[in-house]
There are 2 protein chains.
Amino acid sequence: MSTISEVAKEAGVSVATVSRVINQNASVTPETQKRVNAAIAKLNYHPNVWGRSLRRQESRVLLIFVPNITNPYYANIISGIEDTARRNHYNTMVCVTNVDKERAKEYFDLLRCGSADGAILLDTTKNDKSVPRLAKNFPVVQCCEYCTDENISHVSIDNLEAAKQVVQYLVSLGHRRIGFAGAVNDFISTEQRETGYKKALEEAGIEFDSRYVAYADEDYNFLSGIRAVKELLCLKDRPSAIFCISDMIALGAIRAAGEMDLRVPEDLTIVGFDDVAYATMFKPMLTTVSQPGYSLGKTSCNMLIKQMGGAAPNHMFLEHKIILRDSSAANAVE
Amino acid sequence: MSTISEVAKEAGVSVATVSRVINQNASVTPETQKRVNAAIAKLNYHPNVWGRSLRRQESRVLLIFVPNITNPYYANIISGIEDTARRNHYNTMVCVTNVDKERAKEYFDLLRCGSADGAILLDTTKNDKSVPRLAKNFPVVQCCEYCTDENISHVSIDNLEAAKQVVQYLVSLGHRRIGFAGAVNDFISTEQRETGYKKALEEAGIEFDSRYVAYADEDYNFLSGIRAVKELLCLKDRPSAIFCISDMIALGAIRAAGEMDLRVPEDLTIVGFDDVAYATMFKPMLTTVSQPGYSLGKTSCNMLIKQMGGAAPNHMFLEHKIILRDSSAANAVE
DNA sequence: GTGAAAGCGCTAACAC
DNA sequence: GTGTTAGCGCTTTCAC
């Protein structure tokens, strides 16, 4: 590992000149430039990032907080963030929190100790108190999930509206007994999708029936999806359609239906949320809501960079899309 | 962001004393310790990592190179690496290369510029030339995939043996026309699984028939899996069993069979590889080879840390397991 | 256009 | 047990 002063000696110039050549921001004779570049190449010199950061007081690293990377839904978002970051000469560091507050707190220290300049959070919960505290001192953008504090930037889709549209679509298919498979967690999207479900029912003049609502585990896992949906399917007047707040739960719903000898979509319509790749690998292929993952990531990252440049916190909602496939059909139950 | 000298002033001691308290490695009066700690708390001081790294000449960051994070198969490995790293006071940085050599090269610079102390590579190809070059200058461990250079550490399962066992199992079920769905890439696991397939056939006295071998795309994607397997199923003497080198391809195989009105496993036995979570979400649930993901990650990380401490390169093979589920059955085709 | 030198925050060798 | 100080590699101000 060679240093700037070794390069300077090799090229017969001062370290200042080498620095100027590296950063291309000051006048250096083309000829000296050539000599310096030759020395850099010869010594295989790479500017040491610690020295530079210490001097510049910035790390050019952005943090990405993800609850887990098992969910393919995050892959696109992360791609969007990373591409944008790299285009702006930032490196990224994926921090997998596993929904563990302790671990997240440790990762927050990466900001406090200077390891990173800002963070994009994909795992904020509704009433999270640590995020506002962090955002007071560091540039932070929330993506997809966000807390109720108005002063912190966020980028997401309009979950309430999306859920409403799903239920309106189900109503348009003739369904009246529409179930809802949610999850027990503190994500705002979870809440908003349930609210959207209720609003759409109300607007359609269908009375809300709490027996038609069931909940999977915190992390929307497959097995708990099966369990939750079975609760609904065991009812005397079982729903003819079920809106699931994640594809994973919807996959569980298909399995649950199969185990109870119900055909999808003939006997039961199922709609998911997220449009992960696996939504099309199953038969029947899943009707679901598609989020613009890559754009969500890209927009978040751009917002963060602007904010680090002094811009005020901002809120953005991107467009979702309902993808019609095989798991939904007109109500034929009675 | 307060500095060590501000803490020193606040506590009425020198910066050296503060440093000693922080690093708990020298004798400081309990009383001064208390004073210093009070000052640290009061100023909410966090040691600046740039200053420390510059001085100590280490970053305490490890890189994890992953081809993509869409594949859930990597999640466990990464967990294993991260937990182990954190236990040893290292931070990790996930670098998603997208099988893009250019991007990987840029990430390699993180080592050259001091941003990281070592790397675990999950995406090495057989004849990769850049990895040996990198490994000459920096601590590197390869996980799951590795290149032919003997001097670079690696941790993986014995892919050849695993493939052999799968085929032996299929033979034991009475299958004689056994197909192989591989992929067009330069991963050593791909090659070894094909070699294992051929060896097992040979040992069973079954002549190798090149018509029974088809290839999915480089990244084992679902659609190309369907395509490859359809090639095999269109043969006059179609195979009664197919060994797929990844679960994703195996999922494609199930779809392909379905589209050609073949039942799995009654008309066609399918075996996958990796045992991803989705292997059990489908009906039929997949017979597959399970790799000890978490252990692979953990072992790699421990090996890297030992190596950074001066240990010589090492090679390790961990145990795999064949998981019998619903997609395989005795040959009933003729 | 180029060089000398200060200083970013920290640790550790040395002095007392 | 504690303080002084050099120096890690870099950028940038100020001379010239």
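Only this structure's heavy atoms are used, side chains among them; waters, hydrogens and symmetry mates stay out. In what follows, chains are A, B, ... by sequence order, proteins preceding strands, each numbered from 1. All of these numbers come straight from a predicted model, not from anything done at the bench.
Taking atom CG on A/N48 and atom P on C/dC8, their separation rounds to 18 Å, with Å as the unit. Rounded to an integer number of Å, the gap from CZ of B/R56 to P of C/dT11 is 6 Å. In this structure, A/W50 places its CH2 atom 13 Å from C1' of D/dC8, rounding to the nearest Å. C/dG9 atom C1' lies 11 Å from atom CD of B/E6, rounded to whole Å. Spacing between atom CG of A/L54 and atom P of C/dG7 amounts to 14 Å, rounded to whole angstrom units. The CE-C1' distance, from B/M1 to C/dG9, rounds to 10 Å in whole Å. The NZ atom of A/K34 sits 17 Å away from the C1' atom of C/dG1 (whole-angstrom rounding). The CD atom of B/E58 sits 16 Å away from the C1' atom of D/dG9 (whole-angstrom rounding).
In the helix from C/dG1-D/dC16 to C/dC16-D/dG1, the terminal helix axes, each the rotation mapping four pairs' C1' atoms onto the next four within five end pairs, subtend 40°, rounded to 10°.
Other residues, nucleotides and ligands contribute more than 12 heavy atoms inside 6.0 Å of the NZ atom of B/K126.
Taking only side-chain nitrogens and oxygens, A/Q57 comes nearer than 4.0 Å to OP1 or OP2 of C/dG9. One finds a side-chain N or O of B/N23 lying less than 4.0 angstrom from the OP1 or OP2 phosphate oxygen of C/dT11. For B/R52, a side-chain nitrogen or oxygen approaches OP1 or OP2 of C/dT11 to under 4.0 Å.
A donor atom on one side chain and an acceptor atom on the other are found under 3.5 Å apart for A/T190 and A/N185. Side-chain polar atoms of B/D123 and B/T97 form a donor-acceptor pair below 3.5 angstrom. Side-chain atoms of B/S153 and B/Q307 include a donor-acceptor pair closer than 3.5 Å. Between the side chains of A/D117 and A/S59, a donor-acceptor pair is found at a separation under 3.5 Å.
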Summary of protein contacts for nucleotides 1-7 of chain D, nucleotide by nucleotide, where a base hit scores B, a sugar-phosphate-only hit scores S (4.0 Å, heavy atoms): BBBBBBB

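Under the 30°/60° scheme for interplanar angles, the aromatic rings of B/Y107 and B/F65 are found to stand perpendicular.
For B/E31 and B/R35, the salt-bridge test passes: some basic side-chain N is under 4.0 Å from an acidic carboxylate O.
Between A/L304 and the choices A/V155, A/T299, A/V141, the side chain to side chain contact (heavy atoms under 4.5 Å, CB included) rule is met once, by A/V141.
B/N88 places a side-chain N or O within donor-acceptor distance of the main-chain N or O of B/T84, the cut-off being under 3.5 Å.
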